[in-house]
Protein chains: 2
Amino acid sequence: MLNYSTSEENYIKAIYHLQQMDDMVTTNELAAELKTKPASVTDMMKKLKAKKLLNYERYQGFRLTNEGNKVALGIIRRHRLWEYFLAEKLKFTWDEVHEVAEDLEHVTNKKLIDKLDEFLGFPRVDPHGDPIPDANGKIEIMKKICLTELPLNKTAIVGSVSDQSSKILELLEHKNISIGTRLEIKKRFEFDNSMEVRIGRQPAFTISKQLAENIFVLNN
Amino acid sequence: MLNYSTSEENYIKAIYHLQQMDDMVTTNELAAELKTKPASVTDMMKKLKAKKLLNYERYQGFRLTNEGNKVALGIIRRHRLWEYFLAEKLKFTWDEVHEVAEDLEHVTNKKLIDKLDEFLGFPRVDPHGDPIPDANGKIEIMKKICLTELPLNKTAIVGSVSDQSSKILELLEHKNISIGTRLEIKKRFEFDNSMEVRIGRQPAFTISKQLAENIFVLNN
DNA sequence: AAATAAATTTAGACAAAACTAAAAAATAGT
DNA sequence: ACTATTTTTTAGTTTTGTCTAAATTTATTT
Ligand SMILES: [Mn+2]
Ligand SMILES: [Mn+2]
Ligand SMILES: [Mn+2]
Ligand SMILES: [Mn+2]
């Protein structure tokens with residue numbers, strides 16, 4: 001596995017994430033994601049294509065090749081292991097870890113990452129509930145559904161939260177919801193799509209549509 | 001405190017180390033240390049001078065300003081804390097930590113480093129026995145002398161080792177010497193400058209001139 | 001004090017990664 | 001089918017950090 005620059009890695013990771021949504025990623029989408037200009041994206045796409053990490057024909061959008069996906073999973077492994085380290089060992093809060101991991105992920109020393117993984121006890125998910133690829137790049141995809149889709153009176157475990165801001169963290173802490181919390185929907189209101197949620201035998205409480213849309217529960 | 005590029009940081013740190021030896025650092029010295037060319041050094045010296053990190057007049061050599069020294073101590077703090085982390089928590093051996101720390105040191109997030117320091121229990125020295133600057137950049141200079149200077153029959157504690165290769169590590173492990181070992185010189189031989197060393201009440205053993213030159217003991 | 005050698009700086013080139021502005025291609029609207 | 005809009009690419013610059021080769025300054029010999 002060759003080495004890639006920080007900039008190349010940031011592009012590769014962003015493409016990986018975007019292609020989970022739409023299958024073809026476009027120049028403008030990627031420019032927006034990376035807060036850069038479309039012209040810069042085109043330049044980099046040519047470079048990544050030359051390195052066989054990308055399938056790309058001009059004006060047609062792009063997808064990572066198998067090799068590109070492997071590289072992306074390596075970066076994501078590093079990112080999420082460092083997030084776990086920061087939260088679990090250094091007691092960073094949930095909303096602080098991403099920014100720091102954004103830099104740490106670019107230190108590409110296999111032994112460092114594999115020893116870190118071992119030191120952390122081979123965690124399976126990061127502090128946001130996203131799965132951590134193993135040393136072979138294998139990632140455990142957990143089937144999850146949005147809280148807005150969960151049937152009434154069926155308990156489920158919170159698996160991940162898509163927003164990572166301090167604002168949503170503040171709200172989730174206030175409502176006592178975190179990754180791993182088992183909850184159920186008791187009622188939905190059509191007027192504003194708010195819902196009544198209950199954790200265990202505690203009294204039910206309300207959460208807004210906006211909050212529910214960012215909470216994903218394990219579907220088992 | 002502004003932010004500096006990885007390249008600028010590597011130059012600043014190298015100058016700091018070189019000026020511990022000679023007081024003025026020269027272009028060729030620095031080029032050799034960084035495995036770069038003298039022309040590149042001159043370019044960077046102009047830049048660091050413009051940023052007021054360096055006192056530099058052409059053809060005269062250079063030294064860091066007070067501000068430059070502060071920046072250097074920040075880099076060294078990060079480097080040595082990561083070395084300690086790698087050795088103590090991830091069980092890297094002594095000769096492996098430097099290379100990895102060389103990259104990790106450039107992640108400049110104050111909170112990360114201060115929390116790491118706390119997590120590690122505020123270590124005072126790195127795995128090579130070199131002192132770790134505190135959060136204010138204060139560094140504890142321990143008076144040390146080379147083992148070649150230690151008087152006969154006077155016990156002293158090994159404080160640091162200047163070479164950091166796996167070869168010296170192998171030898172030191174075989175001789176049971178590490179940072180913190182209390183030892184004394186029983187005899188010196190003029191023919192090859194080898195010496196008989198004793199640790200506690202164990203039988204004395206021989207170490208070569210070359211090895212002795214790389215071992216420094218606390219002078220108290 | 002020249003002459004020679006060594007160290008240092010300058011000049012000019014290059015690669016990586018970004019940008020702006022203009023051109024070209026694809027898409028949408030009528 | 002033609003026009004207008006949006007998207008994407010190209011062309012030409014800029015900044016950072018590196019290099020080689022040539023010029024300049026300083027240091028060392030004779
Ligand atoms: Mn990143
Ligand atoms: Mn995450
Ligand atoms: Mn470094
Ligand atoms: Mn060290």
Side-chain angles (χ1 to χ4, degrees), chain A residues 2-15 18-19 21-64 68 71-72 75 102-103 105-108, chain B residues 2-15 18-19 21-64 68 71-72 75 102-103 105-108:
Chain A
L2 294 172
N3 263 351
Y4 301 99
S5 72
T6 294
S7 192
E8 288 171 330
E9 287 190 342
N10 284 336
Y11 276 93
I12 293 163
K13 190 175 61 145
I15 296 167
L18 288 175
Q19 73 186 9
M21 321 253 90
D22 331 80
D23 55 353
M24 269 295 174
V25 182
T26 69
T27 304
N28 273 358
E29 261 184 314
L30 186 51
E33 175 79 12
L34 290 170
K35 294 178 195 344
T36 183
K37 305 290 156 171
S40 308
V41 170
T42 300
D43 286 347
M44 185 58 90
M45 294 310 95
K46 288 178 187 167
K47 211 165 90 171
L48 295 181
K49 183 192 171 156
K51 295 191 178 186
K52 298 193 194 299
L53 299 176
L54 204 62
N55 291 123
Y56 165 59
E57 293 305 326
R58 64 201 216 296
Y59 295 106
Q60 304 298 140
F62 28 82
R63 300 214 89 214
L64 294 172
V71 175
I75 303 162
E102 204 55 51
D103 289 335
E105 69 187 0
H106 302 294
V107 178
T108 60
Chain B
L2 294 173
N3 263 352
Y4 301 99
S5 72
T6 294
S7 192
E8 288 171 328
E9 288 190 341
N10 285 335
Y11 276 93
I12 293 163
K13 192 175 59 147
I15 297 167
L18 289 175
Q19 73 186 9
M21 320 255 91
D22 331 81
D23 57 353
M24 269 295 175
V25 182
T26 70
T27 304
N28 275 358
E29 259 184 315
L30 186 49
E33 173 80 12
L34 290 171
K35 296 175 196 342
T36 184
K37 305 290 155 169
S40 308
V41 170
T42 301
D43 286 347
M44 185 59 90
M45 294 310 95
K46 288 179 188 167
K47 211 165 92 173
L48 295 181
K49 183 192 172 156
K51 294 191 179 187
K52 298 192 193 302
L53 298 176
L54 205 62
N55 291 124
Y56 166 60
E57 293 305 327
R58 64 201 219 296
Y59 295 103
Q60 305 298 142
F62 28 83
R63 300 212 91 217
L64 294 172
V71 174
I75 303 162
E102 204 54 53
D103 289 335
E105 70 186 0
H106 303 293
V107 177
T108 60

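Labels below follow one simple rule: chain letters A, B, ... track the order of the sequence lines, proteins then strands, and each chain is numbered from 1.
Phosphate proximity of C/dT10 to B/Thr42: absent, as no side-chain N or O sits under 4.0 Å from OP1 or OP2. Side-chain nitrogen and oxygen atoms of A/Thr36 include at least one within less than 4.0 Å of the OP1 or OP2 phosphate oxygen of C/dC19. Applying the 4.0 Å criterion to OP1 and OP2 of D/dT9, one finds that A/Thr27 has a side-chain N or O inside that range. At the phosphate of D/dT7, neither OP1 nor OP2 sits under 4.0 Å from any side-chain N or O atom of A/Thr26. At the phosphate of D/dT10, OP1 or OP2 sits under 4.0 Å from a side-chain N or O atom of A/Arg58.
Of the N and O atoms on the side chains of B/Asn10 and B/His106, at least one donor lies less than 3.5 Å from an acceptor on the other residue.
Summarising the geometry, the separation between CG on A/Leu54 and P on D/dT8 is reported as 14 Å, rounded to the nearest angstrom. Atom P of nucleotide C/dT20 and atom CG of A/Asp43 are separated by 13 Å, given to the nearest angstrom. As rounded to whole Å, 14 Å separates atom C1' of C/dT9 from atom NZ of B/Lys49. Between the P atom of C/dA16 and the OH atom of A/Tyr4 lies a distance of 14 Å, rounded to the nearest Å. Nucleotide D/dT10 holds its C1' atom 7 Å from the NZ atom of A/Lys46, rounded to whole Å. Residue A/Lys37 contributes atom NZ, which lies 5 Å from atom P of C/dT20 at whole-angstrom precision. Going from atom CG of B/Leu48 over to atom C1' of D/dT16 covers 13 Å, rounded to whole Å. In this structure, B/Tyr56 places its OH atom 7 Å from C1' of C/dT9, rounding to the nearest Å.
In terms of position along DNA chain C, the nucleotide closest to B/Val25 lies nearer the 5' end than the nucleotide closest to the other residue of the pair A/Tyr59 and B/Val25. Mapping B/Gln60 and A/Met44 onto DNA chain C via the closest heavy atom, the residue that lands nearer the 5' end is B/Gln60.
Nearest heavy-atom pair, A/Pro38 versus A/Ala31, reported as atom, atom and distance to 0.1 Å: N-CB, 3.7 Å. Listed here is the closest heavy atom pair of A/Leu64 and A/Gln19: N-OE1, 3.1 Å. When all heavy atoms are compared, the tightest approach of A/Glu9 to A/Glu105 is OE1-O, 4.1 Å.
Comparing D/dC19, D/dT10, C/dA7 by their nearest atom to the side chain of A/Ala39 picks out D/dT10. In this structure, of C/dT8, C/dC19, D/dC19, it is C/dT8 that holds the atom nearest to the side chain of B/Asn28.
Nucleic acid contact for A/Ser7: sugar-phosphate only, since backbone atoms but no base atoms lie under 4.0 Å from a heavy atom of the residue. Within the 4.0 angstrom heavy-atom criterion, no nucleotide atom of any strand lies near B/Phe62.
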When you look at A/Phe62 and A/Leu53, which way does the side chain to side chain contact (heavy atoms under 4.5 Å, CB included) test go after all the steps?
-> CA-CA 10 Å; A/Phe62 28 82; A/Leu53 299 176; over 6 Å; no
